[in-house]
Amino acid sequence: YVPLGARLSVADNVALTQGVAYGFEKIQNERKVADFTQRVASYAAMLRELGVRDYQVQRFQGSAFSSSQRSALLVTALLRLGVFLLFGLSLLPWYVCVAPAALCVSVVADQQARK
């Protein structure tokens, strides 16, 4: 037993790890243990596929956001999308005005490159 927040010494940690390994060798062929080992292996494979570490899973259990947080996120995302579209559309006339000059510069640069 280790109280919450306390840490084992290195020697105690090694002794505990060796004890678990010794005990596991004796019971690893039992059906319950083999089933558990197989489930842990499939869980680890799933984590590798998703690119997530084990300590990150707890964050995603249950509801990640409350309903009010979801509403705020949706409103923020829509506002940002609206601002992005507004700025993009406001720059459209500038693109139209600059396009002929850019085309001329491109043609002249190609001609100069050929010389």
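Just so you know, these numbers use all the heavy atoms, side chains as well, and skip hydrogens, waters and symmetry mates. Everything quoted here is computed from the prediction, not taken from an experiment. The first residue of the sequence shown is numbered 1, and numbering continues consecutively from there.
In this structure, the separation between CG on L81 and CZ on F84 is 8.0 Å, given to the nearest 0.5 Å. With values rounded to the nearest 0.5 angstrom, L47 atom CG is found 11.5 Å from Y55 atom OH. Atom CG of L79 and atom CG of L86 lie 12.0 Å apart (nearest 0.5 Å). Atom-to-atom distance recorded for L91:CG and C97:SG is 11.5 Å, nearest 0.5 angstrom. The distance from atom CE of M46 to atom CD of E49, rounded to the nearest 0.5 Å, is 8.5 Å.
Atom OH of Y43 has more than 12 heavy atoms from other residues, nucleotides or ligands within 6.0 Å.
The one candidate from L16, V14, V20 that meets the side-chain contact (heavy atoms from CB on, under 4.5 Å) condition with Q18 is V14.
Between the side chain of E25 and the backbone N or O of Y22 there is no donor-acceptor pair closer than 3.5 Å. Put simply, the side chain of T76 gets close to the backbone of A72: a donor and an acceptor are under 3.5 Å apart.
A 4.5 Å side-chain heavy-atom check between F24 and T37 finds at least one atom pair inside the cut-off. Side-chain contact between K32 and D35 is absent, with no heavy atoms from C-beta onward closer than 4.5 Å.
If you chain together hydrophobic residues whose side chains sit under 4.5 Å apart, Y95 and V98 fall into the same group. Placement of V40 and V33 in two distinct hydrophobic clusters is found when ILVMFWY residues are connected by side-chain heavy-atom separations under 4.5 Å, directly or transitively.
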